[in-house]
Amino acid sequence: MTIYRQHEIEEFLQLYFIMGSTNCKKDPVYVLKQAIEGGITLFQFREKGVGSLEGLKKKKLAEKLHRVCKDAGIPFIINDDVELAVELDADGIHIGQEDLAANLVREKAADMILGVSTHTIGEAEKAIEDGADYLGLGPIYPTISKDDAREVSGLTIIENFRKNGITIPIVGIGGITSANARDVIQAGANGISLISAIAAADDVKKASEDLKRAVI
Ligand code: TZP
Ligand code: MG
């Protein structure tokens with residue numbers, strides 16, 4: 001694990017790519033390499049939903065993707081699975097409100113980057129108290145990538161969090177594309193996180209480049 005400082009984490013959040021095997025049209029390792037060439041700054045392995053890998057197969061894929069990230073100097077974050085994150089010595093873990101509580105994750109992974117999905121100011125304050133490094137907010141726009149996604153929040157959730165004094169790094173998530181990415185940043189987010197705009201693109205590298213241009 002590489003231990004990152006707060007200002008480094010903030011920079012890495014700029015173009016945050018999330019995926020698992022079921023999100024990709026091509027081999028996930030190839031997809032990740034192309035996305036890195038296109039300019040992504042952070043990666044989250046999120047192996048979830050119908051047809052996703054489990055057990056040893058999931059671990060093997062995680063190891064391959066971790067290697068790709070290490071070689072490129074990009075932090076490798078694991079979604080939900082704290083045990084796997086600890087076992088692989090990942091750079092970070094991302095959890096939602098339905099997962100292991102953030103303070104307990106912090107106990108198991110003291111130095112990892114910790115991201116928490118939040119939907120209310122109360123959840124955000126609790127996550128910050130528990131040691132979150134950044135917050136994920138969304139779905140900002142309609143998404144096809146999460147079966148149990150909540151109601152669309154729009155950009156107002158980001159604006160409201162900022163107005164209410166939430167100053168830690170924020171990434172927007174849900175339905176973000178190169179056409180709306182700039183709006184998410186302008187609403188107050190430090191970065192955008194997304195699955196399908198990159199994972200399901202015919203040309204992953206070009207899609208990543210287009211998104212990068214939209215956020216810098
Ligand atoms: N959490 C809220 S929306 C979402 C997650 C994991 C899915 C984002 O995927 P996409 O394809 O970028 O809309
Ligand atoms: Mg989760």
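Remember, it's 1-based here, ligands and their atoms both numbered in the order they're listed.
- Among protein heavy atoms, atom 12 (O) of ligand 1 sits closest to Ile195 N, 2.9 Å.
- Within a 6.0 Å sphere centred on NZ of Lys64, heavy atoms belonging to other residues, nucleotides or ligands number 12 at most.
- From Leu100, atom CG reaches atom CG of Asn103 across 8.0 Å, with rounding to the nearest 0.5 Å.
- Where the criterion is an N or O separation shorter than 3.5 Å, residue side chain and backbone included, Lys146 fails it with respect to ligand 1.
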message = Using the rule given for side-chain contact (heavy atoms from CB on, under 4.5 Å), can you reason through Lys108 versus Glu83, listing the C-alpha separation, both sets of side-chain angles and the distance that settles it, and then say yes or no?
response = CA-CA 9 Å; Lys108 289 173 186 262; Glu83 305 305 325; 3.4 Å; yes

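- The atoms of ligand 1 that sit less than 4.0 Å from any heavy atom of Leu194 are 12 (O).
- The number of heavy atoms from other shown groups lying within 6.0 Å of NZ (Lys33) does not exceed 12.
- At least one N or O atom of Thr143 sits closer than 3.5 Å to an N or O atom of ligand 1.
- Look at Ala197 and you'll find every heavy atom at least 4.0 Å from all atoms of ligand 1.
- Residue contacts with ligand 1 for Ala149 are absent, since no atom lies close enough (heavy atoms, distance under 4.0 Å).
- In this structure, Glu8 contributes its side chain and Arg5 its backbone to a donor-acceptor pair below 3.5 Å.
- Inclusion of Ile173 in the set of residues having an N or O under 3.5 Å from an N or O of ligand 1 is not warranted.
- Ligand 1 is approached by Arg46 to a heavy-atom distance shorter than 4.0 Å.
- Of all atoms in ligand 1, numbered sequentially from 1 with element shown, those under 4.0 Å from a heavy atom of Ser196 are 10 (P), 11 (O), 12 (O).
- In this structure, Leu104 places its CG atom where more than 12 heavy-atom neighbours from other residues, nucleotides or ligands lie under 6.0 Å away.
- Between the Asn23 side chain and the Gly20 main chain, a donor and an acceptor come within less than 3.5 Å of each other.
- Ion pair Lys205/Glu37 flagged as a salt bridge, since at least one NZ, NE, NH1 or NH2 atom sits closer than 4.0 Å to an Asp/Glu carboxylate oxygen.
- If you take CG on Asp91 and OG1 on Thr2, they are separated by 5.0 Å, rounding to the nearest 0.5 Å.
- Across Gly174, Gly172, Ser193, Ala200, heavy-atom proximity to atom 3 (S) of ligand 1 is greatest for Gly174.
- For atom 9 (O) of ligand 1, the nearest non-hydrogen atom of the protein is Ser145 CB, 3.2 Å.
- Atoms OD1 of Asp80 and OD2 of Asp99, as seen from the Mg ion (ligand 2), are separated by an angle of 80°, to the nearest 10°.
- Distances between N or O atoms of Ile176 and those of ligand 1 include no value under 3.5 Å.
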